[in-house]
Amino acid sequence: MPDIVLKFVKLGYQYLVNHVLALLLIPTALGVAVEILRSSPARWNSFQIDPLHLIFCSFLAVFIATVYFMSKPRSIYLVDYACYKPPVTYRVPFSTFMEHSRLILKDNPKSVDFQMRILERSGLGEETCLPPAIHYIPPTPTMDAARGEAETVIFSSIDSLMKKTGLKPKDIDILIVNCSLFSPTPSLSAMIINKYKLRSNIKSYNLSGMGCSAGLISIDLARDLLQIHPNSNALVISTEIITPNYYKGSERAMLLPNCLFRMGGAAILLSNKRRDRSRAKYKLVHVVRTHKGADDKAYKCVYEQEDPQGKVGINLSKDLMVIAGEALKSNITTIGPLVLPASEQLLFLFTLIGRKIFNPKWKPYIPDFKQAFEHFCIHAGGRAVIDELQKNLQLSAEHVEASRMTLHRFGNTSSSSLWYELGYIEAKGRMRKGDRVWQIAFGSGFKCNSAVWKCNRTIKTTSDGPWQDCIHRYPVHIPEIVKI
Amino acid sequence: MVSSPMSEGLIYDKKLSSVGPAYATDPDLVYEPRNLDLAMKLHFLRGIYYFERQAFEGLTILAIKEPMFDWLNKYPVTSGRFRRAESGRAYIKCNDCGVRFLEAKCDKTLEEWLEIRDASLEKLLVSNQIIGPELGFSPLIFIQLTKFKCGGTSLGLSWAHVLGDAFSAAEFLSMLGRLVAGQDLGPPFDLAQSLTKSVISHDPPKVAEDPIAVKRVEPVGDNWLTPTKFKVEPFYFDVTATHLAHLQSKVGPKFGPFEAISAIIWKCIAKIRGKEMESNVVTICKKSEEGNKVYGMLGNTQVVSVVKADFPIVDAEPSVLAKLMREEAFDMRDKIDEAMARENGVVDYVIYGANMTFVNLEDAKFYDFEYRGQKPVRVSYWVDGVGDEGAVLVLPGTNEGGGGRAVVAILPEEEIVRFEAELKRERLIA
């Protein structure tokens, strides 16, 4: 009984606070209206309306309106996006990965065992993909093979996007590519410009070294550019090229990425053009970036270095989850006021004041973000990341389903994983007009970046996209430990 | 394996990878080889298909591998790995691990290579791996694609006999050809999910003799290598149509090429081994008339029969031997099955080479494997893991052979020279 009472009290409180303005204005307006009606028609004539005053007031109104509309930031729309679907020939079942590992690391059985334990608990499925060079025993990562992978992933994503949106190469005004670990000369953005014969006055940018959260950094950059360039569109490519980064050594902390990172990529079309407003899928509402690099521990927690044998790999520190938690808290502190309804913000404020003034032992109030968003896309960095965020934000299994299933089907595809997750939600037919989406990405640095989108039109499930042939099998139950 | 100076550097640029089923198999699927399959587990088929340039011309390695994923998807068992049940019986877990794929290049042209016709060199074109020392990490099939200087290609198939006999292997490979030609193979074959055969029997072990067709060897554990006293090597020779005609005149018109060739060879071997060592029991294997297999066309269903001669072979007439082979061969399959069942599938047997073994592969559809419309110009096959008594495989002749036969005799090394001399004397070869 008390539970239901509490629930109603909470609902009542929320309704009250969130609609306070309406609740104040309506009675006031009603009061004024009643007052006017009650007063006699004679009094109406006695109201002297000075023509000068009238003109002045109308000019003022027009002036204020103009200033408001001019200073309003341009609306940025996500017209559409396309994710890369690797062919079945690149598939890596667990057993194959383990067997190859045993042959490659035959002098380090402990490292092999470690990899097996990671894989068993990773949350990955049997259909994740690695590029052809990594299928060899031992892998043969040449520059050519890396470029080949980049071309396959990026060009097929762009082709797919062009087909979906009707985008012509000559119409692309801004091109932003983010790929953290592979940065050839000429850049990947130059590679795209060459292949598609883009315009010579294109504004191209290539972001490298920025980790798994670089996808949202690219979106942020695109947004800023689209503010200064009217009537333009921006093509954003988010990917991670696996070929050159396979760790060939046997240090355990550095073998983790081998087990989790898989092939993937996404191409996103953003626009500020009027005519894209009606056909765009999403409107960009906020991008919030948090960088904890000033803290030494955060800076070093994902660190590329040589192992004692001189082999280069990425060292993941043991404090990763703690640092991720801190970065998330920072990010939430900024994004909270922007997205949370007034009721949650007040509650948070009260408990904050309470903890500071009255009793520090009060439990900090975790705002209920489920009231601010319908969908959550948590970077599929690993099972632990998703578990941690689910716990911290008190999300249900359905909220994190897109993230878990993306991790299962595609593995950790780095910056593009957020787009596979969004694709999952759309493929399931859950995306309705007005729904708000929160994309959260973590990356080396240590960074936590968020993007908030609002769905512009209800999205029908289509027969294209990376999930089209397997969505009917999902969601699947992912066991704690898979027996290989 | 000692590599002669000639083989050094002949095969180079080797690259190893794996090819598996296109789609994820249900992780609980298992395949339990039957008793007759497990009886053959110590034998490994090695086959080489030689193709001229046009077959694989212009194809990148990815383009060659691509259809293999759909091919292996049809029979996920071939990509699985062995495990042992609690009873010790081996079964296959369909874990999609895949078949091993080796790419290599050769310095010689196809023509030059085929002229050499050296058994030890041919071994370079196919994997010599067996299952073991770790069951769970040993592929059942190895495929080696070797590109010759002229563009010709050889496809080496290494096939664990426990999966199926040579007829199965030939048909399985033909499926790849059909897939490449555009034919749809249909959905994967259904499999069971639970182990039904691997029940630990609590009955006291019945003591009975092993059937004559098999030889029980020392337990090999998880390393399926046949223990032999002698080093057994293959020796090839072709029997042309003319020689075959001459042979059949000696033996009599009633008998087919297989019986004729086998009879003469039986006599030759008997002469080499002398009266004390001569084998008056031989095993004969041939294709089963009943077309049914338990798992699609995979499985060991070939007829394994035994012939016993009550008289010395050396002095016998070839026609008598041939008659014996045709009319007095006892089908031993049921007995082998029973023997294996008694031991719960755990015992280690050798069938090829337990007695002198003659395998009739005339009907094996080796030349049916067409790659992009090209048939192989030659197909070589032999078996690894043959026992000390040796084995003889009679294969179909090459396509242009016009009625001849290819014969592979797998014998103890020191017998081969004398064997060749005997063959010449019998005018089986030039």
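Chain identifiers are assigned alphabetically (A, B, ...) following the order of the sequence lines, protein sequences preceding nucleic acid strands; residue numbering begins at 1 within each chain. Keep in mind that what you see is a predicted model, and the values were worked out from it rather than measured.
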Asks: Can you name the nearest heavy-atom pair linking B:L62 to A:P132, along with the distance?
Replies: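 For B:L62 and A:P132, the tightest heavy-atom pair comes out as CD1-CG, 4.0 Å.
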Asks: Heavy-atom count around A:Q309 CD within 6.0 Å, excluding the residue itself: above 12?
Replies: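 Yes - once you tally the heavy atoms of other residues, nucleotides and ligands closer than 6.0 Å, there are more than 12.
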Asks: Can you tell if the side chain of B:R100 reaches within under 4.5 Å of the side chain of A:E99, non-hydrogen atoms only?
Replies: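 In contact.
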Asks: Quick check with a 6.0 Å cut-off and a 45 degree axis cone: is B:K65 positioned over the face of A:Y136's six-membered ring?
Replies: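 Checked: cation-pi criterion met.
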Asks: Let me confirm one number: the OG1-CG distance from A:T140 to B:L16, rounded to the nearest 0.5 Å.
Replies: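 Output value for this atom pair is 11.5 Å.
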Asks: Would one find more than 12 heavy atoms of other residues, nucleotides or ligands at under 6.0 Å from atom NZ of A:K428?
Replies: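 Yes - once you tally the heavy atoms of other residues, nucleotides and ligands closer than 6.0 Å, there are more than 12.
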Asks: Heavy-atom count around A:K248 NZ within 6.0 Å, excluding the residue itself: above 12?
Replies: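 Counting neighbours around NZ of A:K248, 12 or fewer heavy atoms of other residues, nucleotides or ligands fall under 6.0 Å, so no.
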Asks: What are the two closest non-hydrogen atoms of A:T96 and B:D96, and how far apart are they?
Replies: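 For A:T96 and B:D96, the tightest heavy-atom pair comes out as OG1-O, 3.4 Å.
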Asks: Would you give the length of the straight line joining atom CD of A:E126 to atom OG1 of B:T25, rounded to the nearest 0.5 angstrom?
Replies: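 Atom-to-atom, A:E126:CD and B:T25:OG1 are 8.5 Å apart.
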Asks: Which one of B:S79, B:A24, B:G20 has the most heavy-atom pairs closer than 4.5 Å to chain A?
Replies: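 Looking at each option in turn, the highest pair count goes to B:A24.
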Asks: Which one, B:F137, B:Y23, B:F69, leads in non-hydrogen pairs under 4.5 Å with chain A?
Replies: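 Looking at each option in turn, the highest pair count goes to B:F137.
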Asks: So for A:E127, is it side chain, backbone, both, or neither that comes closer than 4.5 Å to the heavy atoms of chain B?
Replies: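 Side chain only.
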Asks: Would you mind reporting whether B:C97 and A:M98 have side-chain heavy atoms less than 4.5 Å apart?
Replies: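 Answer no - side chains too far apart.
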Asks: Below 4.5 Å from any heavy atom of chain A, which atoms of B:P27 appear? Answer side chain, backbone, both or neither.
Replies: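 Looking at B:P27, nothing touches chain A.
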